[in-house]
Protein chains: 4
Amino acid sequence: MKQSNLKNTSQDTFSASSDIPISSVSMNKTPMNEIADISEKLSKKEMTRKKILDAALIVFSQKGYDKANVSDIVREVGVAQGTFYYHFKDKKTALVELLNSFFDAMKKLVANWAATTDTSADMALVFSRNVADLLRKNTCLGQIIRNETNNPDPEIRLLIKEFHNYLYRQAEFALLLGMRLGVVREMDARIAGVALVGMIESVVFELIDRVEDVDVEHVIKEISEMQNRGIRPTPDPRS
Amino acid sequence: MKQSNLKNTSQDTFSASSDIPISSVSMNKTPMNEIADISEKLSKKEMTRKKILDAALIVFSQKGYDKANVSDIVREVGVAQGTFYYHFKDKKTALVELLNSFFDAMKKLVANWAATTDTSADMALVFSRNVADLLRKNTCLGQIIRNETNNPDPEIRLLIKEFHNYLYRQAEFALLLGMRLGVVREMDARIAGVALVGMIESVVFELIDRVEDVDVEHVIKEISEMQNRGIRPTPDPRS
Amino acid sequence: MKQSNLKNTSQDTFSASSDIPISSVSMNKTPMNEIADISEKLSKKEMTRKKILDAALIVFSQKGYDKANVSDIVREVGVAQGTFYYHFKDKKTALVELLNSFFDAMKKLVANWAATTDTSADMALVFSRNVADLLRKNTCLGQIIRNETNNPDPEIRLLIKEFHNYLYRQAEFALLLGMRLGVVREMDARIAGVALVGMIESVVFELIDRVEDVDVEHVIKEISEMQNRGIRPTPDPRS
Amino acid sequence: MKQSNLKNTSQDTFSASSDIPISSVSMNKTPMNEIADISEKLSKKEMTRKKILDAALIVFSQKGYDKANVSDIVREVGVAQGTFYYHFKDKKTALVELLNSFFDAMKKLVANWAATTDTSADMALVFSRNVADLLRKNTCLGQIIRNETNNPDPEIRLLIKEFHNYLYRQAEFALLLGMRLGVVREMDARIAGVALVGMIESVVFELIDRVEDVDVEHVIKEISEMQNRGIRPTPDPRS
DNA sequence: GATGAATGAGGGTTCATTCAT
DNA sequence: GATGAATGAACCCTCATTCAT
C-alpha cells in the first residue's frame, strides 16, 4: 500500500465520524467510546465506506472540493479507484453526505444547547464557546464549508448556505431572547446575528486554526468581551 | 458574436478598472468620469486587454478561479482563445494582476485614511464604513478573495493572505491608537482586529451583497454600534 | 477500430520487445520464439502497454519525437487517448523507456562480445558486423537515436549522447587492445573510434536501411575491408 | 529591442550569406570582402530579409526546424512577427531557401574542386579536408541537415537527401577516378563513398564541432591516414 | 515596407466515471 | 464487495499564420 503524503496538522481525530460532533460540547463524557463501539459493529463494507469518507474529508478540506481528485482519496485509503464508485454515486455525493451528517449532528447539538443554556449565564460567552468548539472540533468540515461557500454547484452552495443561515438564526434567536429578558440591549438582531457569527468564524479560522501557540481560552474570552462591551472604555456592563 | 451566459447579478459596474477604487471612499466626487476619460485614451489593444480582465473578474468570481475556463472568459469578450494568451502569460497571471491592482488601490486608500481620519470621530463607524465601502465597490474581487483564500496554489494563497493580514493590521493599529488616546478600552488588539474585520466582511457578504432590499446605512450603523457597545444594555458609551 | 495510416516499410518485427536484441548477435538460435513465449504470459494490461510502446516506437521513428502526437500512437493501437496516460506519465517517459531498454539490451550484448571475441579474429569485421546487426535489428530505435541527437530536451539529448559515447568508447577500446596486441597500427584511437562508428552508422542508414535490394553481407565485407586496408592499393595486410 | 538569448558559440560569421561558402576552400583570398561589398548594395528591405534568414539559420540549427518558432527568429532580429511573413511565404520557405542557397554554393565549389584537384596529390587528404572545411564553415547548415534528415515533411527530406547523395556521388566519383589511375585499390565505390563521407561527418560533428580544444589539423590527418591505410599495421602505402 | 494584434486549429495532459472481471 | 484498466470529454496553452493599419 502506498504511503500517504497528506500531513495531518489539525487536531482532528481524522475520522469522518469523529469530525462530526455527535455529542454536545458541554458533555464531558468521552463520546469516542460510543463511536468506537459502533465502529466495532461496522461490517467490512461499512468500514471501507467510512475510511473513504474520512479520506475524502481530509482531501476536500486540503485541496478544495473541485481540485480534490478521487485518486487522491483512494490512494489515501489504499483501495482501488472503482471502490469509491461502488460506495458513492459520484464525488459530489460523498461531499453532500459529509455535509449532511455534519448538519444532522448539529441539530442534536441544538437540542442540548436550548435545554442546558442558563439564561442567567453569560450568553455571549456560552454561545461563542459553543460555536468555536463546534468549528474547532470539525476543522476539516469548517474549512470545506468556508471554501465552498460559493462553489458553482447550486446544490453544494445551498447546503452550505443552510449551515450559515442556521448559525445566523441561532444567534438571532439568542439575541431576541436576551432582549426580551432585558439582558441584551435593543438592536437589529438579524444584522447582529450575522456580525457575531462572522466574528467568531474569522477568529477561529484566522487565529485558532492557523496559529500554533494560541491560548484558545484567552481568545474566546476576548471575543466574548468584545461581544458584550464593544471596544469602548465603559465599565463592564455585567458589573 | 456569441451570446454570454453569465448573469450579471451584482451591482458591480463590471469593469476591472471601476472595480478598483482609485479614489478614496471619502471623496464625494464621481471618479467614474475620470476613469471614463482615461478609458477614452485606451488603445484598441489596451481595450481588448481590459475587456478580458473585466470578463475574467466576473468569471473568476462566479465560478471560482480553478473552475473558471479561459474559454468562458473569451466567449464573454467575443475574442479567440489565443487572444487571452496574447495578453496574459496564463490564467494565473490574469488573476494575480486583478488581485495586485486591487491591493495597489488599497494602499492609496490607506494614505487617505491615515491623513483624513479625525481621531475625535467615531473611529469604529469610519473604519467600518471604509472597509464596507471598499468591499461593496469591489464585490467581484471580494468574492474572489473570499473563495480563493485556501486555493491550493501557494502564490495565490499568499497574495490573498496578504490582503487579509493587511486589513487585520489596519484594525489592530487603529485600536492601539484608540487605546493610547483613551477612546478604546484595554484589550488584545490583535484578536480584536481579526474579530472586527471578520464581522464586517461577514455582514457585507451575507447581507449587503446578497440581500437586495437592504438599507446599507442602517446596516453599517448597526455594526458600528455593535463594535462600540457590544450587545449589553448599557447607556451609549459616547454619551 | 480505426484504421492505421502509418506505413510499415521497415523490416522491423514491429514489436518493442523484438526491437531490442536480448540475445547476442552471435547466437544463432531464434530468440523470437523466446520472446513470443514470454509474450504469451503478458497480462492484458501488459499487452496494452506493450502495444502502445510498439506503436510509439514506430510513430517516433517516422514523425520524429516532437512532431509525433500521442493521438497518432493511440489511434494506431486502437485505444483511447487517456489509456496512453494510464500507462505512461507522459510522452517523454515512453521515449525514455524505449531508449533505456535499448541501452540495457546493449549492455548485455557487450558482455557477450567481450567474452566471445577472439583476438585472433578479424576484429574490424566482427565489430562492424555486430554494430551493423545491432542497428539493423533496431531500425526504429536507430532512426530515433539519429533524429533526436540534438533534441532540445536535455534529458533526451543526454540519453542519446550516452549511446553514441558508448559506441565510441567500445571502438576506442577495441583499437587500443589491437594496438597492444600488434594487430592495429599506432593511431589516435579516440578519433579513429568516432570515425569507424560513424562509417558504419552511415552505411547502415544510407544503404542497408534505405535501399531494398542490398546485399548486406557484401556491404559489411566492404566496410571491413575499408577499415582494415583503407583505400590504397596495398597487398591485403592480413596476408 | 529585446536582447537575444541565443549563444553564439560556433565560429560562424553568423550571416546566412557567409555560412554559404561561395568561395572554394582552396581559395586563399578573403571572400568576405566581396560579400561585404554586396551587402552594402542591399536595400533596406533586402537587409531585413537577410537578417531574418541569418536568424532563422541559427534558430533552426539550435532548436530544430519544427521546434523553432517564428517568434524566436523575429525576436532575434528585432522585427515584428508579420515582417517574417512579408518576406517569406511561411516558415518552410525560409528553410528551403537556406538549404537551396547552400546547395547552389556547393555546385560552385565542385567546379573548383574538379578543376584544381591534382591527381598526384593525396586525394583522401584533399577530399577529407574539403568536406570537413565545408561542414566546419557551415556549422549551422550542417546541424540542420543532420537533424532534419528524417523530417516528416517530404520536401525538406528530399532536399537534404539531395545534399547527402551529392556528397556520396562526389566521393564515389573520386574513388572511381583513383581506381582508374591506379592510386586506389579495387572496391565497391558506392559503398566506400558513403563510408568515407559518414566517417568525415561523424568526426566533424562529434569532435571538431563539439570539443573545444581540438587540433583540427591533427584530426583531419588522422582521418586521412585511416582512409588511406585503414587500421592495420602495414607500411605506409605511399612509401 | 513593416507592424503586431488577433486568430484558431491542434497538442499534451487530467480526471471523473464506467464496466468487465 | 472490490478491482483497476480503460475511457473520452474538456482544459490549458502554443504557435504558424493573417490582415487591417
Side-chain angles (χ1 to χ4, degrees), chain A residues 43-49 52 66-74 77-94, chain B residues 43-49 52 66-74 77-94, chain C residues 43-49 52 66-74 77-94, chain D residues 43-49 52 66-74 77-94:
Chain A
S43 66
K44 194 161 166 262
K45 172 177 179 181
E46 287 165 327
M47 278 296 293
T48 303
R49 187 187 156 86
I52 291 172
D66 287 314
K67 276 280 199 176
N69 304 340
V70 173
S71 69
D72 291 334
I73 297 169
V74 296
V77 182
V79 296
Q81 193 100 344
T83 307
F84 182 93
Y85 287 89
Y86 176 71
H87 291 284
F88 303 95
K89 190 179 137 287
D90 51 22
K91 201 172 84 162
K92 185 170 151 186
T93 301
Chain B
S43 67
K44 194 162 167 259
K45 174 181 180 180
E46 287 165 328
M47 278 296 295
T48 304
R49 188 189 155 88
I52 292 172
D66 287 314
K67 277 279 201 178
N69 304 339
V70 173
S71 69
D72 292 333
I73 296 169
V74 295
V77 182
V79 295
Q81 189 99 348
T83 306
F84 181 92
Y85 290 92
Y86 178 72
H87 291 282
F88 303 96
K89 195 180 131 288
D90 50 22
K91 201 173 81 163
K92 184 169 154 186
T93 301
Chain C
S43 66
K44 193 161 167 261
K45 174 181 180 180
E46 286 165 329
M47 279 297 295
T48 303
R49 187 188 154 88
I52 291 173
D66 287 314
K67 277 280 203 179
N69 303 340
V70 172
S71 67
D72 292 333
I73 296 170
V74 295
V77 181
V79 295
Q81 189 99 347
T83 306
F84 181 93
Y85 289 92
Y86 178 71
H87 290 283
F88 302 96
K89 194 179 134 288
D90 50 22
K91 201 173 83 162
K92 186 169 153 186
T93 301
Chain D
S43 66
K44 194 161 164 264
K45 173 176 177 180
E46 287 165 327
M47 278 295 295
T48 303
R49 188 189 155 87
I52 291 172
D66 287 314
K67 276 278 199 179
N69 304 340
V70 173
S71 70
D72 291 334
I73 296 169
V74 295
V77 181
V79 296
Q81 194 100 344
T83 307
F84 182 93
Y85 287 88
Y86 176 72
H87 291 283
F88 303 95
K89 192 179 136 285
D90 52 21
K91 201 172 85 164
K92 185 170 152 187
T93 301

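Just so it is clear: chains get the letters A, B, ... in the order the sequence lines come, proteins before strands, and each one is counted from 1. All values below come from the heavy atoms of this structure, side chains included, with hydrogens, waters and symmetry mates left out.
- If you take CD1 of C:I52 and C1' of F:dT7, they are 12 Å apart, rounded to a whole angstrom.
- Contact check, A:T48 against F:dG1: no side-chain N or O comes under 4.0 Å of OP1 or OP2.
- Across all their heavy atoms, D:Y85 and D:V70 have their closest contact at OH-CG2, 3.5 Å.
- The side chain of A:K91 sits closest to E:dT17 out of E:dG8, E:dT17, F:dT3.
- Considering NZ of B:K91 and CG of B:D66, their distance stands at 5.5 Å, rounded to 0.5 Å.
- Distance, D:D66 CG to F:dT14 P: 18 Å, rounded to whole Å.
- At F:dT14, none of the side-chain N or O atoms of D:N69 fall inside 4.0 Å of OP1 or OP2 (strictly under the cut-off).
- The NZ atom of B:K67 lies 11.0 Å from the NZ atom of A:K67; values are rounded to the nearest 0.5 Å.
- When distances run from any side-chain atom of C:K45 to the nucleotides F:dA6, E:dT7, F:dT7, the shortest one goes to F:dA6.
- In this structure, B:V70 and A:Q81 both approach DNA chain F, and ranking their closest nucleotides by distance from the 5' end singles out A:Q81.
- Nucleotide F:dC12 forms a Watson-Crick or G-U wobble pair with E:dG11, both donor-acceptor distances falling under 3.5 Å.
- When both pairing distances are held under 3.5 Å, E:dT21 makes a Watson-Crick or G-U pair with F:dA2.
- Regarding D:F84, its CZ atom lies at a distance of 14 Å from the P atom of F:dC15, rounded to whole Å.
- Contact detail for D:F84 and D:I52: the closest heavy-atom pair is CD1-CG2, 3.5 Å.
- Between D:Y86 and E:dA2, a side-chain N or O to OP1/OP2 separation shorter than 4.0 Å is absent.
- At the heavy-atom level, A:A68 lies under 4.0 Å from the strands shown only through sugar-phosphate atoms.
- Listed pair A:Y85 / E:dT18 fails the phosphate criterion, with no side-chain N or O lying under 4.0 Å from OP1 or OP2.
- Remark: D:S71 is not in phosphate contact with F:dC15, judged by side-chain N or O atoms under 4.0 Å from OP1 or OP2.
- Rounded to whole angstrom, the span from the NZ atom of A:K92 across to the C1' atom of E:dT17 amounts to 15 Å.
- Rounded to whole angstrom, the span from the NZ atom of B:K44 across to the P atom of E:dT3 amounts to 19 Å.
- In this structure, D:F88 places its CZ atom 14 Å from P of E:dG1, rounding to the nearest Å.
- In this entry the distance linking CZ of C:R49 with C1' of F:dG4 reads 15 Å, nearest Å.
- The CZ atom of A:F88 lies 4.0 Å from the CZ atom of A:R49; values are rounded to the nearest 0.5 Å.
- Whole-Å rounding puts the C:H87 NE2 to E:dT13 P distance at 16 Å.
- The 5' end of DNA chain F is approached more closely, in terms of each residue's nearest nucleotide, by B:K89 than by the other of D:D90 and B:K89.
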